[in-house]
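Notes for the one structure printed next.
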Amino acid sequence: MRGMDGIRNIVILTGADSRADDGLWEDHRVEDVATPEGFRRDPDLVQRFYDERRGNILGAEPNAAHRALGKLDAAWDGELLIVTQNIDDLHERGGARRVLHMHGEGLSAWCLACDTRHRWTGTLRDGPPCPSCGEAALRPDIVWFGEMPYEMDRIFAALARADLFVSIGTSGAVYPAAGFVQQAKSARARTLELNLERSQGSGWFDETRLGPAGELVPPWVEEMLA
């Protein structure tokens, strides 16, 4: 796929599956920290877990891949949608604006009482009141196992219009994201995988380029903007 002529509408999927092979998530069972049932059973554990994730996000910095996608976003005059499975804000801090967080955002809190969302950088452990309604009903704004990812209709609509679908740093193991390449191919889009190693869905892509995202994404972006 070395010639990208005729490309106007692009959908990019980023982010890897966070569940480890042994069924643990960051040394916790997924059932305990990443399900609605786990939150009901032990909300303090879940809030502590995501307080730590929030701190990690605030301490992280965008890498070369994030900055390259920000450059593409700023310069691309066709449609572009960056769909990320990651809950950090590194795409935005790297300069991207057309970003959709299908699994939620680590720096966001969702009020279960009034259904509002607020940017949140502090703790949720002590049951702070919702800035909108005052109720102590805030949870991490994260899509947990068993919940529907955000804005799927918007994602599928973008895939239906795509001329190019690019998957960056994903496992190809977790649905619905693992099925995006098939959706794109059914819309006759070209498909490209940029990954550290071949994913479970590599066979669906027209081309796979292997290596670290920080080494693969910047030259691909330059190729697109040439």
Side-chain angles (χ1 to χ4, degrees), residues 13-67 69-70 82-96 99-151 168-171 173-178 195-196 212-214:
L13 173 68
T14 73
D17 178 19
S18 296
R19 181 191 282 197
D21 292 338
D22 58 5
L24 300 178
W25 203 26
E26 299 280 347
D27 298 322
H28 292 279
R29 293 196 318 150
V30 170
E31 294 81 0
D32 291 337
V33 297
T35 64
E37 295 78 14
F39 184 61
R40 288 193 292 267
R41 185 168 54 247
D42 193 344
D44 187 67
L45 171 65
V46 174
Q47 298 289 29
R48 280 192 289 113
F49 177 80
Y50 286 99
D51 279 356
E52 293 176 7
R53 306 284 79 70
R54 206 170 295 116
N56 293 341
I57 291 170
L58 291 170
E61 293 294 335
N63 61 28
H66 296 117
R67 292 190 293 271
L69 291 178
I82 300 171
V83 180
T84 185
Q85 299 174 87
N86 293 321
I87 65 171
D88 58 53
D89 64 342
L90 296 179
H91 280 307
E92 288 86 348
R93 284 196 271 152
V99 182
L100 188 161
H101 289 265
M102 65 178 294
H103 289 164
E105 299 185 56
L107 300 183
S108 177
W110 174 24
C111 180
L112 299 178
C114 68
D115 196 30
T116 58
R117 288 170 167 81
H118 303 275
R119 178 172 169 81
W120 205 269
T121 58
T123 181
L124 287 174
R125 263 189 83 187
D126 52 2
C130 169
S132 294
C133 71
E135 294 292 325
L138 295 173
R139 61 161 267 188
D141 188 13
I142 303 297
V143 176
W144 288 328
F145 286 82
E147 297 180 326
M148 180 63 68
Y150 293 156
E151 299 196 67
I168 301 172
T170 67
S171 66
V174 179
Y175 284 84
N195 216 9
L196 193 59

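Count residues from 1 along the sequence.
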Quick one: are L58 and L107 in side-chain contact, heavy atoms under 4.5 Å? yes

Aromatic rings Y50 and W144: how do their planes relate, parallel, tilted or perpendicular, breaks at 30° and 60°? tilted

How long is the span from the CG atom in N86 to the CE atom in M102, to the nearest 0.5 Å? 11.5 Å

Let's go through L69 and V99 carefully: what are the C-alpha distance in whole Å and the side-chain angles of both, what is the deciding distance for side chain to side chain contact (heavy atoms under 4.5 Å, CB included) to 0.1 Å, and is it a yes or a no? CA-CA 10 Å; L69 291 178; V99 182; over 6 Å; no

Whether the side chain of R54 engages the backbone of G122 through a donor-acceptor N/O pair (distance < 3.5 Å, no angle test) should be reported. yes

In the structure I gave you, are the side-chain heavy atoms of P176 and P149 within less than 4.5 Å of one another anywhere? yes

Any residue meeting ring-ring contact (aromatic ring centres under 6.0 Å, His included) with H66, in chain and number order, not counting sequence neighbours: H91

Would you compute the distance between atom OG1 of T35 and atom CD of E147 and round it to the nearest 0.5 angstrom? 8.5 Å

Would you check if the distance from the ring center of F49 to the ring center of H28 is below 6.0 Å? yes

Whether R93 side chain and P62 backbone form a donor-acceptor pair below 3.5 Å: no

Donor-acceptor contact present, side-chain D88 to main-chain L90, <3.5 Å: yes

Where is the tightest heavy-atom contact between L196 and P212, given as atom of each residue plus distance? CD1-N, 3.8 Å

Value rounded to 0.5 Å, distance of CD in Q47 from CG in D42: 10.5 Å

Residue of the set T170, V143, T14 for which side chain to side chain contact (heavy atoms under 4.5 Å, CB included) holds with Q85: T170

Using every non-hydrogen atom in the two residues, find where C133 and C114 come nearest and quote the distance to one decimal. SG-SG, 3.7 Å

Any side-chain heavy-atom pair of W120 and P131 under 4.5 Å: yes

Closest non-hydrogen atom pair, A96 against I82: CB-CD1, 3.8 Å

Listed by chain and number, what are the side-chain hydrogen bond (donor to acceptor under 3.5 Å, both in side chains) partners of T123, not counting sequence neighbours? D51

Please find the pair of heavy atoms, one from A109 and one from L138, that lie closest to each other, and give the distance. CB-CD2, 4.3 Å

For W110, the option from D115, T116, D141 that meets side-chain hydrogen bond (donor to acceptor under 3.5 Å, both in side chains): D115

Drop me the distance from D32's CG to R41's CZ, to the nearest 0.5 angstrom. 5.5 Å

Minimal heavy-atom distance between Y150 and G104, with the atoms involved, is CE1-CA, 3.6 Å

Determine yes or no for a side-chain-to-main-chain donor-acceptor pair under 3.5 angstrom, with H118 supplying the side chain and S108 the backbone. no

Whether R139 side chain and I142 backbone form a donor-acceptor pair below 3.5 Å: yes

Side chains of I168 and L13: does their closest heavy-atom pair fall under 4.5 Å? no

